[in-house]
Amino acid sequence: MRNVKLLYGCLISLVSLSMEEGRFCTAFSVSSSANFKGRIRTFMTSLRALDRSNLEEAERLLEQARKLRESIPQSNDGGQPNTKGNKSESLNLFEGDESIVCSYRLYVDIGREEGTWMDPKWGASGKRIPFTVDIGFSDEIADFEVANKMVKDNFSGKSSDIKLLKCLTKNARLRGGFDKMKVSGGGYRIDNKTTVRFYITCEGNVDEMGSSSYGDIHVPKGELYFSIPCFMNNVSNLSSKEFPGVTVRQKGWHTGWFREESRMVGTFKMVPLAKARENDNF
């Protein structure tokens, strides 16, 4: 290949020389023209003497380039490869599970809410932690352990059986996918045929020393509780609005005696999973 580059440089020089010779032909003698023709003959002789190994190397490189070009995924717009609908970031752990009647992407925005009973230092800076997690509502009846974690606050109305809610991914997606948090499923019920109450279990995002990379805000470890209107007594018909209904259960004195109480920790909304994947490209 070094010989090829050298001959290519010679060719450029000769072309430049020919342009100069054509431009100033009146200033050159006949002998000068003969010298130029001699250079051309020398160049052609050198080109024919190029050994076959260099030609074979060039053919090999061209073949590699062709294979590389064919391996690149085709794009729809001539730019980057099309990743719309790519589900690699949200692999469904319950693919084919016939017990799941509908699935959603849960958009959670953790942060200090007005009137919350959380510690005054928690989220005082105004920082927030948004994350997403894909969930599926199952028609399987929950066992005692799952059912016992549901908040018992519908004393005068009627509630459905408590059923399983499944997290379709092992981790919630934080910071646009650059961070993650382990999550697991929980349970849900329908109160008075109008409101769906459910929870998921989170590992939280504080380290062993109790500090958070988000400053004075963190996702509390344990259950996150949600409440959202539904239509026609059906989890397939949930409201698409954003609600300030994310709570945790922590012990305190705000109700007059020391007991578990609900404390607001953020807002949320829910979008059908198929639509969310189309919108978010993952």
Side-chain angles (χ1 to χ4, degrees), residues 90-110 113 130-173 181-204 219-250 260-277:
S90 55
L91 180 63
N92 188 346
L93 299 178
F94 295 91
E95 194 74 43
D97 188 341
E98 296 182 356
S99 72
I100 296 179
V101 296
C102 60
S103 54
Y104 291 85
R105 178 158 292 167
L106 183 60
Y107 296 84
V108 185
D109 187 19
I110 298 295
E113 297 294 320
F131 69 85
T132 63
V133 59
D134 298 344
I135 61 175
F137 289 91
S138 170
D139 60 5
E140 296 180 42
I141 300 298
D143 58 24
F144 175 78
E145 183 179 358
V146 171
N148 195 46
K149 292 181 180 180
M150 291 292 299
V151 179
K152 302 173 181 63
D153 56 0
N154 188 32
F155 301 109
S156 60
K158 292 184 178 181
S159 298
S160 69
D161 293 330
I162 298 175
K163 300 181 179 181
L164 291 179
L165 181 135
K166 300 179 180 182
C167 285
L168 306 182
T169 55
K170 293 181 179 180
N171 300 297
R173 194 172 189 266
M181 174 182 65
K182 287 185 178 181
V183 292
S184 57
Y188 76 95
R189 70 169 189 259
I190 301 178
D191 287 348
N192 305 316
K193 298 182 179 182
T194 59
T195 305
V196 176
R197 304 186 192 279
F198 65 94
Y199 74 88
I200 62 174
T201 303
C202 301
E203 185 183 50
V219 180
K221 182 178 181 178
E223 285 68 47
L224 290 180
Y225 292 89
F226 305 83
S227 178
I228 187 171
C230 70
F231 306 99
M232 301 175 64
N233 192 33
N234 195 326
V235 291
S236 298
N237 298 314
L238 301 183
S239 175
S240 60
K241 295 182 179 180
E242 185 176 33
F243 292 92
V246 187
T247 61
V248 295
R249 300 284 288 174
Q250 295 181 350
E260 272 198 339
E261 54 195 23
S262 294
R263 299 178 177 181
M264 292 185 294
V265 293
T267 64
F268 78 101
K269 70 175 182 177
M270 300 177 69
V271 177
L273 185 54
K275 182 177 180 180
R277 283 176 169 171

Can you confirm whether F137 sits close enough to K163 that some side-chain heavy atom of one is under 4.5 Å from a side-chain heavy atom of the other?
no

Ignoring hydrogens and angles, tell me if any N or O in the side chain of Y199 forms a donor-acceptor pair with the backbone of V146 under 3.5 Å.
yes

Fit a plane to each ring of F198 and F226, take the angle between them on a 0 to 90° scale, and name the class: parallel (under 30°), tilted (30 to 60°) or perpendicular (over 60°).
parallel

Identify the two heavy atoms, one from V265 and one from P220, that lie closest to each other, and give their separation to 0.1 Å.
CG1-CG, 4.4 Å

From NZ (K182) to OG1 (T201), nearest 0.5 Å:
14.0 Å

Straight-line distance of T169 OG1 to R105 CZ, nearest 0.5 Å
8.5 Å

Closest contact, heavy atoms only, C230 versus L238
CB-CD2, 3.6 Å

Kindly determine whether I190 and N233 satisfy side-chain contact (heavy atoms from CB on, under 4.5 Å), including the steps that lead there.
CA-CA 7 Å; I190 301 178; N233 192 33; 3.2 Å; yes

Compare every heavy atom of C167 with every heavy atom of V183, then report the nearest pair and how far apart it is.
CG2-SG, 4.1 Å

Look up atom CD1 in I200 and atom CG in L224, then write down how far apart they are to the nearest 0.5 Å.
5.5 Å

More than 12 non-hydrogen atoms from neighbouring residues, nucleotides or ligands closer than 6.0 Å to NZ on K152, yes or no?
yes

Check whether any side-chain heavy atom of M264 lies under 4.5 Å from a side-chain heavy atom of V246, and answer yes or no.
no

To the nearest 0.5 Å, how far apart are NZ in K269 and OG in S239?
11.0 Å

Go through D134 and S103 one step at a time and tell me if the side-chain contact (heavy atoms from CB on, under 4.5 Å) criterion holds.
CA-CA 7 Å; D134 298 344; S103 54; over 6 Å; no

Heavy-atom closest contact (I110 atom, F131 atom, distance):
CG1-CE2, 3.8 Å

Check: V151 and R249 side chains under 4.5 Å, non-hydrogen atoms
yes

Heavy-atom closest contact (N154 atom, N192 atom, distance):
OD1-ND2, 3.5 Å

Between K166 and D97, is the closest basic N to carboxylate O distance under 4.0 Å?
yes

Do you know which two heavy atoms are closest between Y104 and V235, and how far apart they sit?
OH-O, 2.7 Å

So how far is it from L165 CG to M150 CE, rounded to the nearest 0.5 Å?
9.5 Å

Salt-bridge criterion met for R189 and D153 (N-O under 4.0 Å)
yes

Check the pair C202, K221 against side-chain contact (heavy atoms from CB on, under 4.5 Å), reporting the backbone distance first and the verdict last.
CA-CA 6 Å; C202 301; K221 182 178 181 178; over 6 Å; no

CA sep, side-chain torsions, deciding dist, call: F268, Y107, ring-ring contact (aromatic ring centres under 6.0 Å, His included):
CA-CA 5 Å; F268 78 101; Y107 296 84; over 10 Å; no

Checking T247 against R263: is there a side-chain donor and acceptor pair closer than 3.5 Å?
no

Under-4.0 Å salt bridge between R197 and D191:
yes

Between CG on residue L273 and CD1 on residue I100, distance to nearest 0.5 Å
10.0 Å

